[in-house]
2 protein chains.
Amino acid sequence: MSQADTALDRILELSVLINDDMTRSLARDQLTTSRAHIMWVLVAQGPVTQRVLADALGVSARTMTGLIDKLVEAGHVTREPHPTDRRATLVTFTKRGARVAAALQRDQVEFARILFDGMPAKRLNGLIEGLDDVLARLRAAGVSRSRESHA
Amino acid sequence: MSQADTALDRILELSVLINDDMTRSLARDQLTTSRAHIMWVLVAQGPVTQRVLADALGVSARTMTGLIDKLVEAGHVTREPHPTDRRATLVTFTKRGARVAAALQRDQVEFARILFDGMPAKRLNGLIEGLDDVLARLRAAGVSRSRESHA
DNA sequence: TATTGTTATACTCTATAACTATA
DNA sequence: TATAGTTATAGAGTATAACAATA
C-alpha cells in the first residue's frame, strides 16, 4: 500500500469514527447531524427563514419542513412570523434550544481537546498543513461542497 | 480560534466533501455507501453469508436483507445456496458485480491520486502522522468503530 | 410571475418483533 | 434451543410535484 492509499484509508476511518461518535452524542438531545447543523446555523446567524436553512444545508424545502417539525417537537425551536414577509417563518431558538446549542459548542471544544490536547505543535501544524493541501486539491478537482461546514 | 479548533474544522469539512463525492460517484453504479461497503467485503472475503455481512457493517439482519435485495436487483450479486447450511445464503458476485467492484478499487486509487499526487513526501508523512495520532487518541478515549473500514 | 412553505407520495437506510426453516 | 433470513411495521433523511398564500 502506497503512502497515498494509507493516508486515504486513515481519513476514511477517522470520518466514520467521528461521525459515529457525533451521532451517539447528539442523540442525547434528540438531535441528528442534520438537526444539529440547523442549530449551528441559528447560532451563527440568529433567527432565519426555512428557505435560508434549506440553502445552508443543501436540502429541499420539503426536507427542511420535516427537520423543523422535529426540532419544534423536541422544544428546541419555534416558528415565528416574519415581520415583513407573511409567507415566511423565522426559525427561532427556544430558551432550551439556545441552552442545548451552547452545550453543543462546549462539546465541540471538548472534543477538539480530546483529539489534540498535548499534541506537539509541530505535529498539529503538520496535520493542518496536510489537510489544507488536500482540501485545496479537492476543490481544484471540482469537488465543491454542497453545504457549508458549521464549525 | 485555536489550532485544535482549526484542525477539527478541517477534518469535518473534509469528511463532508469526501462523503458527498463518493455518494455521487457510487450512484452511477446504483450503489450507496452501505451497498458499496458490502462490495468491499465481498472483494476481500469472497462469497459470504448475509450474517457475516451484517456483522461486518454493524447492521441488523433485516437491514442486510434489504441491502442485498437492492444489490440483486441491480445485478451486482446473487443469493446462492450455502453448501452445508440450508438456512444460509452465500452472497456472490455476478460477473457484472465483480467488474463494478474492480472499478471501485480503481476509482479509489484514482481518488487517492487526486488527493495526494505530487504532495511533498514530508507533508504527506506529516499528515499521516497527525491522523494516526488522532486515531490513537480517539481509541484511547473509548471511541471505537462499530464497523470496519474497508480500504 | 416568482417565492415560501405545506401536503402528498416515494425511496434509502435504519431498527425491533414475530415468524419460518433449519441447525 | 439457537441461528439464518424473511415479513411486518416504523422512523429518519432525502426527493419531486402539486398547491396555498403571499410577494
Side-chain angles (χ1 to χ4, degrees), chain A residues 16 19-20 22-39 41 47-74 76-92 146-147 150, chain B residues 16 19-20 22-41 47-74 76-92 146-147:
Chain A
V16 171
N19 192 57
D20 287 359
M22 287 195 159
T23 299
R24 268 194 302 274
S25 167
L26 291 171
R28 289 196 295 267
D29 295 305
Q30 294 146 72
L31 289 174
T32 62
T33 49
S34 290
R35 295 178 201 168
H37 195 156
I38 293 169
M39 304 285 275
V41 175
V48 288
T49 64
Q50 293 185 195
R51 177 72 266 161
V52 168
L53 290 169
D55 290 341
L57 269 71
V59 301
S60 68
R62 175 63 188 91
T63 297
M64 189 49 60
T65 295
L67 292 171
I68 300 300
D69 284 350
K70 301 305 175 126
L71 286 177
V72 169
E73 267 178 43
H76 293 320
V77 305
T78 56
R79 286 183 167 100
E80 301 296 330
H82 191 286
T84 64
D85 186 340
R86 287 199 297 174
R87 295 170 306 181
T89 66
L90 280 180
V91 179
T92 309
S146 54
R147 38 168 157 178
H150 60 249
Chain B
V16 171
N19 193 59
D20 286 359
M22 288 194 158
T23 300
R24 267 195 302 274
S25 168
L26 291 171
R28 289 197 295 267
D29 295 305
Q30 295 144 71
L31 290 174
T32 61
T33 49
S34 289
R35 295 178 202 168
H37 196 155
I38 292 169
M39 304 285 275
W40 285 105
V41 175
V48 289
T49 63
Q50 294 186 194
R51 178 72 265 159
V52 168
L53 290 170
D55 290 341
L57 268 71
V59 302
S60 68
R62 176 62 188 92
T63 296
M64 188 49 60
T65 295
L67 292 172
I68 299 300
D69 284 348
K70 299 304 174 134
L71 286 176
V72 170
E73 267 178 44
H76 294 320
V77 305
T78 56
R79 287 183 166 99
E80 301 297 330
H82 190 287
T84 62
D85 187 340
R86 287 199 297 174
R87 295 169 306 177
T89 67
L90 281 181
V91 179
T92 309
S146 54
R147 38 167 156 178

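Chain letters run A, B, ... following the sequence lines, proteins first, then strands; residues in each count from 1.
With hydrogens and angles disregarded, a donor-acceptor distance shorter than 3.5 Å links the side chain of B/Thr92 to the backbone of B/Leu90.
One distance of note links CD1 of B/Ile68 with OG1 of B/Thr49; it measures 10.0 Å at 0.5 Å rounding. To the nearest 0.5 Å, the span separating CG on B/Leu67 from CG on B/Leu57 amounts to 7.0 Å.
Between A/Asp20 and A/Arg24 there is no salt bridge, since no side-chain nitrogen of the basic residue lies less than 4.0 Å from a carboxylate oxygen of the acidic one.
Whole-Å rounding puts the B/Gln50 CD to C/dA21 P distance at 17 Å. Rounded to an integer number of Å, the gap from CG of B/Leu53 to P of D/dA4 is 12 Å. Separating the CG atom of A/Leu26 from the C1' atom of D/dG13 is a distance of 15 Å, rounded to the nearest angstrom. The nearest whole Å value for the distance from the NE2 atom in A/His37 to the P atom in D/dG13 is 14 Å. Rounded to a whole Å, the CZ atom of A/Arg24 is 13 Å from the P atom of C/dA15. For the pair A/Asn19 CG and C/dC13 P, the interatomic distance rounds to 16 Å; values are reported in whole Å.
No side-chain donor-acceptor contact under 3.5 Å links A/Arg35 and A/Gln30.
Using a 4.5 Å heavy-atom threshold, the side chains of B/Val52 and B/Val91 count as separate.
Proximity of A/Ser34 to the phosphate of D/dT14: a side-chain N or O atom is located under 4.0 Å from OP1 or OP2. A sub-4.0 Å separation between OP1 or OP2 of C/dA15 and a side-chain N or O of B/Ser60 is present. Dashed line: the shortest gap from a side-chain N or O of B/Thr89 to OP1 or OP2 of D/dA4 is not under 4.0 Å. A sub-4.0 Å separation between OP1 or OP2 of C/dT4 and a side-chain N or O of A/Thr49 is absent.
Nucleotides of DNA chain D nearest to B/Met64 and A/Leu31 differ in position, and the one nearer the 5' end is that of B/Met64. Along DNA chain C, the nucleotide nearest to B/Lys70 and the one nearest to B/Arg62 differ in position, and the one closer to the 5' end is contacted by B/Lys70.
Taking only side-chain atoms of A/Thr65, from C-beta outward, the nucleotide of C/dT7, D/dG5, C/dA15 with the closest atom is C/dT7. When distances are taken from the side chain of B/Arg51 to each of D/dA4, C/dC13, C/dG5, the shortest belongs to D/dA4.
Contacts with DNA chain D (heavy atom under 4.0 Å) in residues 76-88 of chain B: B/Arg79, B/Arg87, B/Ala88, listed by number.
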